[in-house]
Amino acid sequence: TMLTKQIASAHLRKEWDLRIKTHFNQPGQKLRRRRARFAKAAKIAPRPIEALRPVVRCPTIKYNRKVRAGRGFTKEELKVRIADTKMGQHRGCVNAAGLTAKYAATVGIAVDYRRRNRSEESLSANVERLKAYVAKLVVLPRNAKKRSAEDVEAYKNAVQARGQAVPITDSYVAEAPRAVTAEEKKAKAFVTLREARGVYKVRGIVEKRKALLAEEAANKAKK
């Protein structure tokens with residue numbers, strides 16, 4: 001005999017429409033964000049819309065040939081003396097070495113207290129970037145008595161910068177195609193990296209051993 005199979009009770013009344021969030025208002029939100037950007041630009045004019053950011057390298061070997069805008073300038077970059085500027089006449093803006101981090105944040109320069117300069121190239125590139133920005137900068141003192149006619153005229157004629165006031169340019173130049181040399185064919189990148197890693201790993205031990213041998217030789221010479 002054939003058993004009659006009972007139809008499973010399908011609980012399909014999940015009321016899913018009460019537990020989801022739709023985003024049909026995206027076109028309206030897009031227009032709202034656009035209007036907010038224009039309102040903010042008009043409110044802070046003629047100050048730049050974006051803060052000045054440093055030029056940094058992307059992480060990892062795959063992308064470190066590319067440059068992009070970083071979080072902020074380091075203290076080392078700000079301390080470099082920026083000569084031939086009018087910023088020295090404003091109190092608290094320049095110390096014995098260069099810009100202070102506190103003042104830099106008030107004139108549209110982003111500051112990063114965590115980043116470190118690990119190469120002379122990055123330091124010099126960002127210092128030149130700061131020099132170019134400061135050369136274009138017009139600072140109007142808050143105290144009306146300290147404002148000169150030149151400052152007021154420059155402030156009125158200032159044009160608001162959209163985006164980065166100093167554009168980021170990549171100085172990378174691609175190498176022209178050429179034939180591989182015999183020396184490059186013989187080179188083994190993996191072996192070279194492993195040897196360098198091994199030398200770095202035992203560097204302290206080797207230096208300590210050399211110091212001990214030199215001390216023993218000196219003691220023998222005295223005897």
Q: Arg129 vs Gln164, test: side-chain hydrogen bond (donor to acceptor under 3.5 Å, both in side chains). Steps then yes/no.
A: CA-CA 11 Å; Arg129 190 169 171 78; Gln164 286 293 303; 3.0 Å; yes

Q: Might you point out which heavy atoms bring Pro141 and Lys146 nearest each other, and give the distance in Å?
A: CG-O, 4.0 Å

Q: Who pairs with Glu15 by salt bridge (charged side-chain N to carboxylate O under 4.0 Å, His left out), at least two apart in sequence or on another chain?
A: none

Q: Following the transitive rule for hydrophobic clusters with a side-chain heavy-atom cut-off under 4.5 Å over Ile, Leu, Val, Met, Phe, Trp and Tyr, establish whether Phe73 and Leu137 coincide in one cluster.
A: yes

Q: With Arg53, which residues qualify under side-chain hydrogen bond (donor to acceptor under 3.5 Å, both in side chains), at least two apart?
A: none

Q: Tell me which donor-acceptor pairs under 3.5 Å the side chains of residues 197-210 have, and how far apart each pair is, sequence neighbours excluded?
A:
none

Q: Please check if the number of heavy atoms outside Arg19 that lie under 6.0 Å from its CZ is greater than 12.
A: yes

Q: Would you say the side chain of Thr74 lies within less than 4.5 Å of the side chain of Tyr113, judging by non-hydrogen atoms?
A: no

Q: Is the count of non-hydrogen atoms from other residues, nucleotides or ligands lying under 6.0 Å from Arg118 atom CZ greater than 12?
A: no

Q: Indicate yes or no for a side-chain donor-acceptor contact from Gln160 to the backbone of Pro48 under 3.5 Å, with no hydrogens or angles considered.
A: no

Q: Are Lys30 and Gln26 side-chain neighbours, meaning at least one heavy-atom pair lies under 4.5 Å?
A: no

Q: Find out if a path of hydrophobic residues (ILVMFWY) with successive side-chain heavy-atom gaps under 4.5 Å connects Val127 to Val67.
A: no

Q: How far does CG of Leu140 sit from NZ of Lys156, to the nearest 0.5 angstrom?
A: 10.5 Å

Q: Within the distance-only criterion (no hydrogens, no angle test), does the side chain of Arg57 pair as donor or acceptor with the backbone N or O of Arg65 below 3.5 angstrom?
A: yes

Q: Residues in side-chain hydrogen bond (donor to acceptor under 3.5 Å, both in side chains) with Glu195, at least two apart?
A: none

Q: Passes side-chain contact (heavy atoms from CB on, under 4.5 Å), Arg147 versus Asn143? Steps please.
A: CA-CA 7 Å; Arg147 298 175 184 174; Asn143 191 347; over 6 Å; no

Q: To check you understand the geometry: which heavy-atom pair defines the closest contact between Leu130 and Glu77, and what is its length?
A: CD1-O, 3.6 Å

Q: Please name the pair of heavy atoms, one in Thr181 and one in Glu184, separated by the smallest distance, quoted to 0.1 Å.
A: OG1-CG, 3.1 Å

Q: Could you tell me which non-hydrogen atom of Tyr133 sits nearest to which non-hydrogen atom of Val107, and how far apart they are?
A: OH-O, 2.7 Å

Q: Counting neighbours of CD1 on Ile61 that are heavy atoms of other residues, nucleotides or ligands and sit closer than 6.0 Å, is the number greater than 12?
A: no

Q: Return the set of residues passing side-chain hydrogen bond (donor to acceptor under 3.5 Å, both in side chains) with Glu175 (not counting sequence neighbours), or none when no residue passes.
A: Arg178

Q: Got a sec, which residues hit side-chain hydrogen bond (donor to acceptor under 3.5 Å, both in side chains) with Glu153, two or more places apart in sequence or on another chain?
A: Asn157

Q: So Arg115 and Pro54, do their side chains get closer than 4.5 Å, heavy atoms only?
A: yes

Q: If we ignore hydrogens and angles and just use 3.5 Å, is the side chain of Asp151 paired with the main-chain N or O of Val138 as donor and acceptor?
A: no

Q: Looking at Gln29, I want to see if its CD is surrounded by more than 12 non-hydrogen atoms of other residues, nucleotides or ligands under 6.0 Å.
A: yes

Q: Mind checking whether Val139 and Leu99 sit in one hydrophobic cluster, side chains of I, L, V, M, F, W, Y counted as touching below 4.5 Å?
A: yes

Q: Which value, rounded to the nearest 0.5 Å, describes the distance between Lys21 atom NZ and His23 atom NE2?
A: 5.5 Å

Q: Give me the atom names and distance for the closest heavy-atom approach of Ala101 to Leu78.
A: CA-CD1, 3.9 Å

Q: Measuring from Lys188:NZ to Arg194:CZ, what's the distance to the nearest 0.5 Å?
A: 15.0 Å

Q: Indicate yes or no: at least one non-hydrogen side-chain atom of Val152 is less than 4.5 angstrom from one of Tyr155.
A: no

Q: Between the side chain of Arg71 and the main-chain N/O of Asp112, is any donor-acceptor distance below 3.5 Å?
A: no

Q: Is it true that a side-chain atom of Asn117 and a backbone atom of Ser119 form a donor plus acceptor pair closer than 3.5 Å?
A: no

Q: In terms of hydrophobic clustering (I, L, V, M, F, W, Y; side-chain heavy atoms under 4.5 Å; direct or indirect links), are Val134 and Val166 co-clustered?
A: yes

Q: As a quick check of understanding, evaluate side-chain contact (heavy atoms from CB on, under 4.5 Å) for Arg68 and Val56, giving each step before the final call.
A: CA-CA 6 Å; Arg68 63 174 177 83; Val56 298; 4.0 Å; yes

Q: Search all heavy atoms of Val180 against all heavy atoms of Lys185 and return the closest pair with its distance.
A: CG1-CG, 3.8 Å

